[in-house]
Amino acid sequence: MISRIDLRGDALPEGGALRDLLPRAEFDVEAALEKVRPICEDVHHRGTAALIEYAQKFDGVELSQVRVPAEAIKAALEDLDPAVRAALEESIRRARIVHRGQRRTEHTTQVVPGGTVTEKWVPVERVGLYAPGGRSVYPSSVVMNVVPAQEAGVESIALASPPQKEFGGLPHPTILAACALLGVDEVYAVGGAQAVAMFAHGTEDCLPSNMVTGPGNIWVAAAKRYFTGKIGIDTEAGPTEIAVLADSTADPVHVAADLISQAEHDPLAAAVLVTDSAELADAVEKELAPQVAATKHVEDRIKPALAGKQSAIVLVDSLEDGLKVVDAYGAEHLEIQTADAAAWAARVRNAGAIFVGPWAPVSLGDYCAGSNHVLPTGGCACHSSGLSVQSFLRGIHIVDYTRDALADVTHHVVTLAEAEDLPAHGAALKARFGWKVPTQ
């Protein structure tokens, strides 16, 4: 059901050579880019008419408008199962606690007497958020995108989610209900690359956004790449990943369950166990079969995900080697199920989010840990972070110098400007002092 990669016996290679030995899903955004390009340009030129046409083509629904009526959002919340509402409300409450703590404050540094640099943090003015609606529906992704944007102080928030034939061309009711709980009333029944294009270009019905965030399929990722430079993006999210670093103290029942929990997302989802214990590897592999048989989405998602080239049990000589492997892999979600798990977790450099010990599974982070589940995939955790309040803020430096403070440093500025053959840079300071460099 899942393959093995044996890295025992020899010294592990470094850097890219080690990464090349590890399992990874194929996710060719560049190839998809050529297919989404005409869609993005069509939305640019035809606006809402193009969106309605693509809803018919890709989602099988006939729409007269793409903006969701306010009464539909209100009705979705009124009809929401009370237990689901309570769970969403708790998820929102915990996410607000964590993300509110991420707020950054203005800070002024006195560089020299009379010379200060202040860094202030300003939220983007408008964001377009994307909530998937393909194989599964993710109201949790609404929470994870909206809460940090709101806590950052973004004034204008719009959300898009694919229209659902089953619900009369509206996004899934739980998506709409989550929007209602969060106070988001600008919602569009638009999916895929065309949703990103709508936010990037704007249409008759939707103002353009400064930024687009939220997970999606390869077409959404490709559209984000297409518009990079025109709009800000969070990340080109690929198939979900879990890596588990475990030793002989780990419970194979827990490890197997956690691998399956991510495999149920998508046939390209990655489930990777890294362990120095052959006995644990055997026990986990034995445990997978009955747990898979007892759940849903077996043939279309879980089995192909576990059997795919992106999933494996990786055997190493030691946890030190295991740490090198998980750092090279850079998992979206990394669980540490070892003795003294917190100490090993503290040494990890590359992961989207780290889950410490047996009582902090990835599923907790997906919903109610308070952390954000929009995280870097495909090894991007070595250079990128998950979604946070900071994602929606821009740092602006405010430079304030007096005449004396400028005079004190003018000779250095002029010297550096001339060294770079940019004499007009130096002249901009000389002009303030009668074209003479102030005497030091």
- Task: Please check if atom CD in E119 has more than 12 non-hydrogen atoms from other residues, nucleotides or ligands closer than 6.0 Å.
- Result: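 Yes, the 6.0 Å shell around CD holds more than 12 heavy atoms from other groups.
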- In this structure, are over 12 heavy atoms from other groups packed under 6.0 Å from Q110 atom CD?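 For Q110, atom CD is crowded (more than 12 foreign heavy atoms under 6.0 Å).
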- Task: Check the pair V348, L323 against side chain to side chain contact (heavy atoms under 4.5 Å, CB included), reporting the backbone distance first and the verdict last.
- Result: CA-CA 7 Å; V348 173; L323 183 63; 3.8 Å; yes
- Hits for ring pair (Phe, Tyr, Trp, His ring centres under 6.0 Å) against H201, two or more places apart or cross-chain, chain-then-number order -> H44, F227
- Message: The criterion is ring pair (Phe, Tyr, Trp, His ring centres under 6.0 Å); which residues satisfy it with Y188, sequence neighbours excluded?
- Response: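 Per chain and number, Y188 pairs via ring pair (Phe, Tyr, Trp, His ring centres under 6.0 Å) with no residue.
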Tell me, which pairs form a side-chain hydrogen bond (donor to acceptor under 3.5 Å, both in side chains) where one or both residues lie in [range], sequence neighbours left out?
| range | result |
| --- | --- |
| residues 9-22 | none |
| residues 75-95 | R85-E89, E90-R93, E90-R94 |
| residues 383-393 | R104-Q390 |

Do [X] and [Y] touch side chain to side chain, with heavy atoms closer than 4.5 Å?
| X | Y | answer |
| --- | --- | --- |
| Y329 | L334 | no |
| L77 | L181 | yes |
| V272 | P23 | yes |

Test of understanding: with salt bridge (charged side-chain N to carboxylate O under 4.0 Å, His left out), list the residues that count as partners of [X], not counting sequence neighbours.
| X | result |
| --- | --- |
| E204 | none |
| D282 | R4 |
| E30 | R225 |
| E320 | R347 |

- Give a yes or no on whether a salt bridge exists between R103 and E151, defined as a side-chain N under 4.0 angstrom from a carboxylate O.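 Yes, this pair counts.
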- Item | Summary of salt bridge (charged side-chain N to carboxylate O under 4.0 Å, His left out) pairs that have at least one residue in residues 182-199, sequence neighbours excluded | R126-E186
- Task: Mind jotting down which residue pairs meet the salt bridge (charged side-chain N to carboxylate O under 4.0 Å, His left out) criterion with at least one end in residues 33-42? Sequence neighbours excluded, please.
- Result: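 For residues 33-42, and leaving out neighbouring residues, the salt bridge (charged side-chain N to carboxylate O under 4.0 Å, His left out) pairs sorted by first residue read E34-R37, D42-R46.
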List, one per line, each side-chain donor-acceptor pair under 3.5 Å for residues 217-224, sequence neighbours excluded.
residue : atom : partner : partner atom : Å
N217    : OD1  : W219    : N            : 3.0
N217    : OD1  : V220    : N            : 3.1
K224    : NZ   : G214    : O            : 2.6
K224    : NZ   : D234    : OD1          : 2.6
K224    : NZ   : T235    : O            : 3.1

